Amino acid sequence: MLIRRETSADAPAIAAIHRAAFAPQYAGDPAVTEPPESALVETLRTDESWMPTLSLVALEYDTVVGHICLTRAGIGPFPVLALGPLGIDPQRQKSGFGSALVHAALGAADALDESVVGLVGDPDYYCRFGFVPGARLGIVPDEAEWAPYFQVRPLTAYDSAVTGEFRYPAPFYDL
């Protein structure tokens, strides 16, 4: 396994991975013809929130099998990061690729002196990486229905003054 920054040549593989990884979530919903996560990544790449240094792929030999990105988000006046989407080729899920990508992304963000990473996701999965319910640190999502799944990961540069409403980059609200 190798983790590295994404390149422009990786874009088709990344889109295919997110389509395949998220398809089961939308199975049976006739309103969704394609999971929106692949289009979200494409849109984020052209948004001011995009941070190319924090868009990573996992490779098995020379094949891209996973992707994660962190983008610029905000908590009031404080710049923070949003994690997501994280997608792994369904044939490689539960093989450590997702964990490796999350660890690499958090390590890279920490090395860049970022303070907080927020996400909406499965608490049982993300707690193993140090994510805690945002409310525990005084950070809440700007969409109330996300509250049960909203989590944050304080990094080394975390300051307890960073509290308030978490705001994702604009493309997340267009899903």
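None of these values were measured; they are calculated from a predicted model. Residue numbers run from 1 in the order of the sequence given.
Applying the salt bridge (charged side-chain N to carboxylate O under 4.0 Å, His left out) test to every pair with at least one member in residues 14-40, sequence neighbours left out, gives these pairs: Arg19-Glu34. Applying the side-chain hydrogen bond (donor to acceptor under 3.5 Å, both in side chains) test to residues at least two apart or on different chains, the pairs with a partner in residues 152-163 are Asp110-Thr156. Within the structure, salt bridge (charged side-chain N to carboxylate O under 4.0 Å, His left out) pairs that include any residue of residues 121-133 do not occur (at least two apart or interchain).
Proximity of Leu112 to Leu54: side-chain heavy atoms (C-beta onward) are separated by under 4.5 Å at one or more points. In this structure, Val140 and Phe150 have side chains that are not in contact, with every pair of non-hydrogen atoms separated by 4.5 Å or more. Considering only heavy atoms from C-beta on, Tyr149 stays 4.5 Å or farther from Leu119 through its side chain. Considering only heavy atoms from C-beta on, His18 stays 4.5 Å or farther from Pro35 through its side chain. Using a 4.5 Å heavy-atom cutoff, the side chains of Asp142 and Phe166 are not in contact. In this structure, the side chains of Val41 and Pro85 come closer than 4.5 Å at one or more pairs of heavy atoms. Contact check for Met51 versus Thr71: no side-chain heavy atoms found under the 4.5 Å cut-off. Looking at heavy atoms from C-beta onward, Val80 lies out of side-chain contact with Glu114 at the 4.5 angstrom threshold.
Residue-environment remark: CD (Gln91) stays at or below the threshold of 12 foreign heavy atoms within 6.0 Å. More than 12 heavy atoms of other residues, nucleotides or ligands lie within 6.0 Å of OH in Tyr26, so this atom counts as buried by the packing criterion. A 6.0 Å sphere centred on CD of Glu48 holds no more than 12 heavy atoms belonging to other residues, nucleotides or ligands.
Between Ile3 atom CD1 and Met1 atom CE the span is 6.0 Å, to the nearest 0.5 Å. A distance of 7.5 Å separates CG of Leu81 from CG of Leu155, quoted to the nearest 0.5 Å. Atom CD1 of residue Ile14 and atom OG1 of residue Thr7 lie 7.5 Å apart, to the nearest 0.5 angstrom. Atoms CD1 and CG, on Ile68 and Leu106 in that order, are 7.0 Å from each other to the nearest 0.5 Å.
Of all non-hydrogen atoms in Pro24 and Ala20, the two that sit nearest each other are CD-O, 3.5 Å. The two atoms that bring Ala109 and Leu70 nearest to each other are CB-CD1, 3.9 Å, heavy atoms only. When all heavy atoms of Gly66 and Ile17 are compared, the closest pair comes out as N-CD1, 3.5 Å. Pro154 and Gly130 get closest at one heavy-atom pair: CD-O, 4.3 Å.
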Might you work through the ring-ring contact (aromatic ring centres under 6.0 Å, His included) test for Tyr168 and Trp146, ending with a clear yes or no?
CA-CA 12 Å; Tyr168 270 100; Trp146 294 347; 5.5 Å; yes

Would you please test Val152 and Val117 for side-chain contact (heavy atoms from CB on, under 4.5 Å) and show each step?
CA-CA 5 Å; Val152 296; Val117 176; over 6 Å; no

Please test Leu59 against Val57 for side-chain contact (heavy atoms from CB on, under 4.5 Å), starting from the C-alpha separation and ending with a verdict.
CA-CA 6 Å; Leu59 293 113; Val57 292; 4.0 Å; yes

Report the C-alpha distance between Cys127 and Val132 in whole Å, list the side-chain angles of each, state the deciding distance to 0.1 Å, and finish with yes or no for side-chain contact (heavy atoms from CB on, under 4.5 Å).
CA-CA 6 Å; Cys127 71; Val132 297; over 6 Å; no

The test is side-chain contact (heavy atoms from CB on, under 4.5 Å); show your working for Leu83 and Phe131 and say whether it passes.
CA-CA 11 Å; Leu83 186 151; Phe131 282 88; 4.2 Å; yes

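The pair Arg4-Asp10 meets the salt-bridge criterion, with a side-chain N (NZ, NE, NH1 or NH2) lying under 4.0 Å from an Asp/Glu carboxylate O.
Grouping the Ile, Leu, Val, Met, Phe, Trp and Tyr side chains by contacts below 4.5 angstrom, directly or via other members, places Tyr173 apart from Phe22. In the hydrophobic cluster analysis, where Ile, Leu, Val, Met, Phe, Trp and Tyr join through side-chain heavy atoms closer than 4.5 angstrom, Phe97 is grouped together with Tyr125.
Put simply, the side chain of Arg72 never gets that close to the backbone of Pro169: no donor and acceptor are under 3.5 Å apart. Between the side chain of Ser99 and the backbone N or O of Gly96 there is no donor-acceptor pair closer than 3.5 Å. For Gln93 (side chain) and Ile88 (main-chain N/O), a donor-acceptor pair under 3.5 Å exists by modelled atom type. Panel note: side chain Glu165, backbone Gly76; no donor-acceptor pair is recorded below 3.5 Å.
Through side-chain heavy atoms spaced under 4.5 Å, either directly or across other Ile, Leu, Val, Met, Phe, Trp or Tyr residues, Tyr61 is tied to no other residue.
The side-chain contact (heavy atoms from CB on, under 4.5 Å) search around Ser55 returns Glu6, Trp50, His67, Cys69, not counting sequence neighbours. Taking the salt bridge (Lys or Arg N to Asp or Glu O under 4.0 Å) definition, one finds that Glu60 meets it with Arg92, sequence neighbours left out.
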